[in-house]
Amino acid sequence: MPGLLLRTLRGENTAERPVWLMRQAGRYLPEYRALRAQKGGFLALVYDAEAAAEITLQPIRRFGFDGAILFSDILIVPYAMGQDLEFLTGEGPHLSPRLADAALSALHAVPARLAPIYETVKQVRAQLPGDRTLLGFAGSPWTIATYMVNGEGSRDQHETRAMAYRDPVAFQAIIDAIVAVTVDYLAGQILAGAEAVQLFDSWAGSLAPAEFERWVIAPTARIVAALRQRFPQVPVIGFPKGAGEKLVAYARETAVDAVGIDETIDPLWVARSLPDGLPVQGNLDPLLLLAGGAELERQTLRILDAFADRPHVFNLGHGIGQTTPVEHVGHLLALIRNWRR
Ligand code: CP3
């Protein structure tokens with residue numbers, strides 16, 4: 001029988017609540033920091049399939065999460081599209097040449113930069129207990145484009161939003177190219193053993209409604225349609241962070257199997273505004289997990305109660321903070337596991 005997480009993503013209202021946390025493999029775990037120190041940089045870890053598989057499994061061993069998310073990064077797609085990628089300590093990622101300065105046609109694709117990731121997926125699947133779900137992922141085209149155009153993160157994605165207004169034809173070509181690579185990349189992860197995939201759209205919140213339709217919803221719908229045709233059994237989770245009330249259109253028009261929600265959204269609003277039976281994932285504030293205490297318990301129970309009548313995957317509203325005490329994660333899992341519908 002498929003595990004609890006996969007059944008929930010397929011629309012089943014299970015008695016127990018599945019849980020995994022975005023960025024569950026990473027710096028808040030001492031065993032991750034130890035392996036990272038031994039292997040060198042972040043990208044070196046991602047390209048060492050054995051190490052990346054071990055890191056993917058670390059949080060499963062420690063906490064028994066229902067899902068393991070592949071240890072990699074969304075910026076592997078621009079890297080395979082031919083941009084250079086560097087992660088500088090304390091500075092975040094850098095891509096070059098940035099598409100604000102160079103044409104898309106100036107990039108020379110390096111598809112071989114994707115294959116080692118499939119090897120990690122295979123190694124994880126071979127070691128993961130059968131009732132735990134292996135999640136693959138990619139960034140959504142809009143979020144990937146913001147990094148490709150600006151070359152690094154930015155506060156409000158203004159460079160990329162301006163390009164999309166100024167030259168929508170050139171920007172559409174960038175989005176189309178990302179869609180094509182993303183479909184291949186997610187198909188490769190699925191063929192290697194990923195049982196569900198998540199599209200991270202971390203910067204979906206910076207777009208006005210018409211641009212949200214064009215640059216978030218439309219490309220996401222194309223990826224979902226292409227994957228569904230080839231892999232009808234593999235759920236796609238869409239996570240348009242910051243989408244707010246635009247979540248309603250997103251859920252209806254992209255045809256994702258499940259919608260991730262961030263912590264700025266009231267779970268009670270989601271429960272009454274999204275289509276009945278649509279699985280949702282989220283949405284505890286990661287800062288509350290860091291803070292701990294009575295408020296963590298109160299809001300965890302509030303989320304569990306709000307989604308009592310629909311398939312729900314417990315998660316955070318975005319990635320776990322690196323200074324989160326490991327004991328708080330254990331406490332959260334106990335709260336979720338003791339809850340009953
Ligand atoms: O969730 C997981 O445990 C799986 C692995 C994963 C990573 N990044 C590992 C990582 C996933 C799913 C991502 C997604 C990702 N990467 C997103 C979307 C989600 C989000 O956080 O909004 C984005 C925007 C990126 C791009 C990225 N990668 C940035 C901006 C940074 C630097 C900031 C930071 O948190 O360090 C990274 C580096 C990165 N990706 C680390 C990890 C564990 C830190 C690497 C290290 O220094 O050890």
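As the structure lists them, so they are numbered: ligands from 1, and atoms in each ligand from 1. Only this structure's heavy atoms are used, side chains among them; waters, hydrogens and symmetry mates stay out.
- Scanning the protein for heavy atoms near atom 43 (C) of ligand 1, the closest one is F71 CE1, 3.7 Å.
- Not a single heavy atom of G153 lies less than 4.0 angstrom from ligand 1.
- The ring of F42 has its center closer than 6.0 angstrom to the ring center of F71.
- Here the shortest heavy-atom distance to atom 21 (O) of ligand 1, taken over R23, R27, M22, belongs to R23.
- A salt bridge between R98 and D101 is present, with a side-chain N of the basic residue lying under 4.0 Å from a carboxylate O of the acidic one.
- When atom types are taken as modelled, the side chain of H94 and the backbone of E152 share no donor-acceptor pair closer than 3.5 angstrom.
- At least one donor-acceptor pair closer than 3.5 Å links the side chain of T14 to the backbone N or O of E16.
- Salt-bridge formation is detected for the pair D48/K39: a Lys NZ or Arg NE/NH1/NH2 atom is positioned less than 4.0 Å from an Asp or Glu carboxylate oxygen.
- Separation of the W215 and F171 ring centroids falls under the 6.0 Å cut-off.
- At the top of the distance list for atom 17 (C) of ligand 1, counting protein heavy atoms only, stands I74 CD1, 3.6 Å.
- Protein heavy atom in closest approach to atom 18 (C) of ligand 1: S202 OG, 3.1 Å.
- In terms of protein heavy atoms, atom 47 (O) of ligand 1 is closest to R36 NH2, 2.8 Å.
- Between the side chain of R36 and the main chain of G26, no donor-acceptor pair closer than 3.5 Å is present.
- Note on ligand 1: F239 sits outside its first shell, no heavy atom being nearer than 4.0 Å.
- Polar contact check, T143 against ligand 1: no nitrogen or oxygen pair lies under 3.5 Å apart.
- Using a 4.0 Å threshold on non-hydrogen atoms, atom 33 (C) of ligand 1 does not count as touching the protein.
- In the vicinity of Q24, heavy-atom distances shorter than 4.0 Å reach the ligand 1 atoms 3 (O).
- Scanning the protein heavy atoms around atom 45 (C) of ligand 1, the nearest turns out to be F42 CD1, 3.3 Å.
- R62 and E31 are joined by a salt bridge, as a carboxylate oxygen and a charged side-chain nitrogen come within less than 4.0 angstrom of each other.
- Taking the six-membered ring where tryptophan is involved, the planes of F200 and F239 are perpendicular, since the angle between them exceeds 60° and thus also 30°.
- The shortest contact between atom 4 (C) of ligand 1 and any protein heavy atom is with L70 O, 3.4 Å.
- For the pair D66 and R337, the salt-bridge criterion is met [side-chain N within less than 4.0 Å of a carboxylate O].
- Look at Y32 and you'll find a heavy atom under 4.0 Å from some atom of ligand 1.
- Looking only at heavy atoms of the protein, atom 5 (C) of ligand 1 is closest to S72 O, 3.5 Å.
- For atom 28 (N) of ligand 1, the closest non-hydrogen atom of the protein is D73 OD1, 2.7 Å.
- Checking only distances, F200 never comes within under 3.5 Å of ligand 1, N or O to N or O.
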